[in-house]
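Worksheet for the structure shown next.
Remember, it's 1-based here, ligands and their atoms both numbered in the order they're listed.
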Amino acid sequence: MTDGLRKGLASYGDAGFSLFLRKAFIKAMGYSDDALDRPIVGITNTYSDYNPCHGNAPQIIEAAKRGVMLSGAMPFVFPTISIAESFSHPTSMYLRNLMAMETEEMIRAQPMDAVIVIGGCDKTLPAQIMAAVSADLPTVVIPVGPMVVGHHKGEVLGACTDCRRLWAKYRAGEIDDEEIEAVNGRLAPSVGTCMVMGTASTMACITETLGLSLPMSATIPAPHAERFRLAEASGRAATAMAKAKGPKPSELLTKSAFRNAQVVLQAIGGSTNGLIHLTAIAHRTPYRIDLEAFDRLGREVPVLVDLKPSGEHYMEHFHHAGGVPKLLAQLGDLIDLDAKTVEGKTLREVVAGAEDVPGQTAIRSRQDPIKPEGGLAVLRGNLAPRGAVIKHSAATAKLLQHTGRAVVFDSVEDMTLRVDDPALEVTADDVLVLRNAGPKGAPGMPEAGYLPIPKKILRTGVKDMVRISDARMSGTAFGTIVLHITPESAVGGPLALVRTGDMIRLDVASRSIELMVDAAELKQRQAAMRLPEAPEGANRGYAWLFNETILQADEGCDFDFMRREGKE
Ligand code: FES
């Protein structure tokens, strides 16, 4: 028996009256008693005119509703916040926890026996999964899917690795105004999420690996008919889960499931943001992501997926090569195949169903990897006592061991004002440092870690420099970029002590990032340090809540009061 419409009655002090009233009102929609007696599957509507990545959400919802009804349940669609990367001020990360709280409470507040959450644009899948995990109702995730690729002058283009690459060429004067305008119309040729291995694709692959969505859900292109058939099948799966009252997220998100997700994060050359989001999801369960263990995995797990920015292909090629099931098959004993999925299957059954595509080059074997080690490495040192992250699979090999003079920017604004100033004293061997761009300092940890290379250096043909910050970076970017320095400078982390002219040593092989200033001098600087004031507007509302309770990157940047007690 499911609870359907009887679940979570509004309290009027008389349960019978509460149900009577609820039915009286909902009948205004024209529903029959038969419809209202069915199990209920809630479906989140994350469509927004501001969110082109979710442009196919209405069709996904229609298909999911069809699946729910064909299998004998009643779908109820309800809106939640929608977050689009390029339409979120100050940053989408600032809004992720708001979306997670709002979605969790609406799942709790409204009667439903299972829920389908629809997301894709970077922060939306993590937010909805964080919500579903805390609500712990049977949940199926439907990612909106990646865009198809674009073309320009015979070259294949994709958002947003090529957005950055071509913008850098424009800044360097290698392409003109007319061409950059033409490119602007070709980078995002369809609805859907960025089609490289950015954060959206990373989180979709992680979601599928965690068993929270159906096989192939991460990779089917957003406009393809197959995606809507997947949505219909997800509707059927949600009905089965509503009737069986499970599996719930708490049954799927085991220690093994989180380990599998970390293996896949390394093997896809996934976004650094993926590590923060996975950590935040884990903090909603009894489990934790141990950065040292994640780094050790990275030494064992090769990058097998040949996608930009670490490799050459795009999400549709990954899909046509067999998608996540084929990747899991190639990873073999690195994956715990006993882990379960929303359909009650094991990953072993998912892998058994993986397509074999002769001649495909997007998913490599362990004998012939793209990179012998995983995509992400965790660094430590006197600059990052609680860790920092680098996507070394998408960095310049010769810069992975580098000592250079710091050129410090105090904030994102300071960097914007000075980075292209011809008077800025900077060479290609220097290390660009950005601070006050962390979770609390910016606020919202903007994707400003991809510091632009100063124009005067770009024009000499230099394509990469070592850049370090407490900010995040788009998963679509390429460069030797150290991110998430923790603790951040705004809470007194050592990044706040760096001065222009100090020497910094990066050594990825030994996983270290060091400020080469002696301890006594650092102690003096620490004593003189003043923490920045709270950002403007942080004395009320959501900004206050964010400023008071945001956790650091190594804890997933969730609010401190949303965590669950952890045991391992
Ligand atoms: Fe939405 Fe990239 S901007 S996924």
- prompt: Can you list the atoms of ligand 1 that are under 4.0 Å from a heavy atom of D122?
  reply: 2 (Fe), 4 (S)

- prompt: Which of these, N51, D49, T44, sits in a side chain to side chain donor-acceptor pair (under 3.5 Å) with Y47?
  reply: D49

Residue pair Y94, Y542: steps toward the ring pair (Phe, Tyr, Trp, His ring centres under 6.0 Å) verdict: CA-CA 10 Å; Y94 180 71; Y542 183 70; 5.3 Å; yes

- prompt: Does any donor atom in the side chain of E312 or H317 lie under 3.5 Å from an acceptor atom in the other side chain?
  reply: no

statement: Under 4.0 Å from one or more heavy atoms of C121, ligand 1 contributes atoms 1 (Fe), 3 (S), 4 (S)

- request: Classify the contact between C194 and ligand 1 as side chain, backbone, both or neither, using a heavy-atom distance cut-off of under 4.0 Å.
  value: both

- line: So the atoms of ligand 1 within less than 4.0 Å of a heavy atom of T193 turn out to be 4 (S)

- request: Run the numbers for me: atoms of ligand 1, each under 4.0 Å from some heavy atom of A200, listed by number.
  value: 4 (S)

- prompt: Considering only heavy atoms of C53, which atoms of ligand 1 have at least one such atom less than 4.0 Å away?
  reply: 1 (Fe), 3 (S), 4 (S)

- prompt: Can you tell me how far CD of E85 sits from OG1 of T91, rounded to the nearest 0.5 angstrom?
  reply: 8.0 Å

task: Give me the one residue out of S474, S271, S92 that meets side chain to side chain donor-acceptor pair (under 3.5 Å) with T199.
output: S271

